[in-house]
Amino acid sequence: MTMTMTTENKNDLDWLAFCYTAGELNAVDAEQFEARLADDQRAREALARAVQLTQTVAAAETQFDLVMPARRTESDWKRRVSWMAIGGLASLLVALLWSGLVGPTWHSRGGSRSQLAMAWNQTRSDFAQVREAGLWSSGGEFDDDVIDLAADDVPQTPSWMTAAVFNVSMDNSTNSSSPPQGLEQE
Amino acid sequence: MTSPSDVPSAEQSQLDSSVVAALYVAHGEELRRFLLGILRDAQLTADVLQATFVKMVERGHETKEGSRKAWLFRVAYHEAMAYRRREGVGGKVLRRVAWNTSDAAGGADEPLLRLESVQSVREAMQELPPEQRQVVRMRIYEEKTFATIAKELKIPLGTALGRMRAALIKLRAQLNEPPAHDK
């Protein structure tokens, strides 16, 4: 209760001080308030608060409109440039990816692996054709050094090549899900 | 007979300048607002404020440390009233405070208004009910009397006063608070 009374009294005093400051008191009330200022420190401080509040509100309606938009515009400008830069970089990256000039490392590595696998496969079929055509002479001096690719002990295609060729197959022919001929082992 | 050592020197009869400077930092701004409320003129306020602190330098040693703020306000009040009597200006002529902040600052190096306070009050203004905000703007910004406001808004005078008072309580509570985005 005491706290409430104190708050109410302070608000009353602040209101009286504001009315005095605003020139809303009649002559008698104004003189009484001025006389009170001679001895009452609370009334003096209330008058100082009333002036502060009134000037601050007036400034909030005028000066602040002049100051803050400039600050806001500056920050907006920086933010806008930042977003434009980010957007430009993103667009450039997408364009480069789309054009194929650059790409993720896994993509190029997969490409070279598939090329190796295709070369391996081509060599293997060439050897088979040569053998079938009877162009390969056995019993020569180099027989021991020649690998018989048609034999059962032919080296198995490495798993990474199979995987790479599967990828090529999936890329080149979406209709065919079977692996290329001759590479079904493993 | 008084010996020369018993007579206080000029330095001893004055308050230390660092003490006066500290008092100015602590109470100068509030004292300036108080004087502006009485004198309604920034230049007069600056003159009286200076005279008040000159008196503090000259006679401050007679005061007790805990009562110096009240002493400053009392001296400032009497100086202001004396000035008004001398100049023949009264409350009827000095009807309102110069709300213009550049006038209010009076060329002093200490700003009356701090940007953060203005921002806090501005934010508080936005949160006021529209009818209260309207009365505040009309009274303080457009400098209309409550009678005029009541007439223009077609509301009783008591309603206009009530809206203004309620708004001031809210704005005052916000005045010394930091801006919302700093909390």
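Convention: sequence-line order gives letters A, B, ...; per-chain numbering from 1.
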Under-4.0 Å salt bridge between A:Glu34 and B:Arg84: yes
Charged tip of A:Arg36 within 45° of B:Tyr77 ring normal and under 6.0 Å: no
B:Leu168 vs A:Phe18 side-chain heavy atoms within contact, under 4.5 Å: yes
Same apolar cluster: B:Val75 and B:Val54, side chain cutoff 4.5 Å: no
Heavy-atom pair of closest approach, residues A:Val51 and B:Gly37: CG2-CA, 3.6 Å
Atom pair CD/CD of A:Gln52 and B:Glu30 - distance to nearest 0.5 Å: 8.5 Å
Donor-acceptor contact present, side-chain B:Arg122 to main-chain A:Ala59, <3.5 Å: no
Euclidean distance, A:Thr56 OG1 relative to B:Gln119 CD, rounded to 0.5 Å: 13.0 Å
CG on A:Leu37 to NE2 on B:His78, rounded to 0.5 Å: 10.5 Å
Segment of A:Ala30 engaging chain B (4.5 angstrom heavy-atom cut-off): neither
Heavy-atom neighbours of B:Glu65 CD exceed 12 at 6.0 Å: no
Validation row: A:Glu24, B:Met164 side chains within 4.5 angstrom (heavy atoms): no
B:Ile169 versus chain A, the contacting section by heavy-atom distance below 4.5 Å: side chain
Between CZ on residue B:Arg33 and OG1 on residue A:Thr54, distance to nearest 0.5 Å: 11.0 Å
Heavy-atom check, side chain of A:Gln41 versus side chain of B:Lys69, under 4.5 Å: yes
Worked verdict on B:Arg165 versus A:Asn11 for side-chain contact (heavy atoms from CB on, under 4.5 Å): CA-CA 9 Å; B:Arg165 185 174 179 177; A:Asn11 288 338; 4.2 Å; yes
From B:Phe34 atom CZ to A:Arg49 atom CZ, the distance as rounded to the nearest 0.5 Å: 12.5 Å
Top contributor to chain A contacts, counting heavy-atom pairs under 4.5 Å, from B:Met81, B:Met125, B:Arg137: B:Arg137
Heavy atoms of other groups near B:Lys55 NZ, more than 12 under 6.0 Å: no
Straight-line distance of A:Leu47 CG to B:Phe73 CZ, nearest 0.5 Å: 9.0 Å
Side chain / backbone / both / neither for A:Glu45 at chain B, heavy atoms under 4.5 Å: both
Side-chain heavy atoms of B:Ile140 within contact of A:Gln55, under 4.5 Å: no
Flag if over 12 foreign heavy atoms under 6.0 Å of CD, B:Gln50: no
Interchain contact, B:Leu161 with chain A, by part (heavy-atom threshold 4.5 Å): both
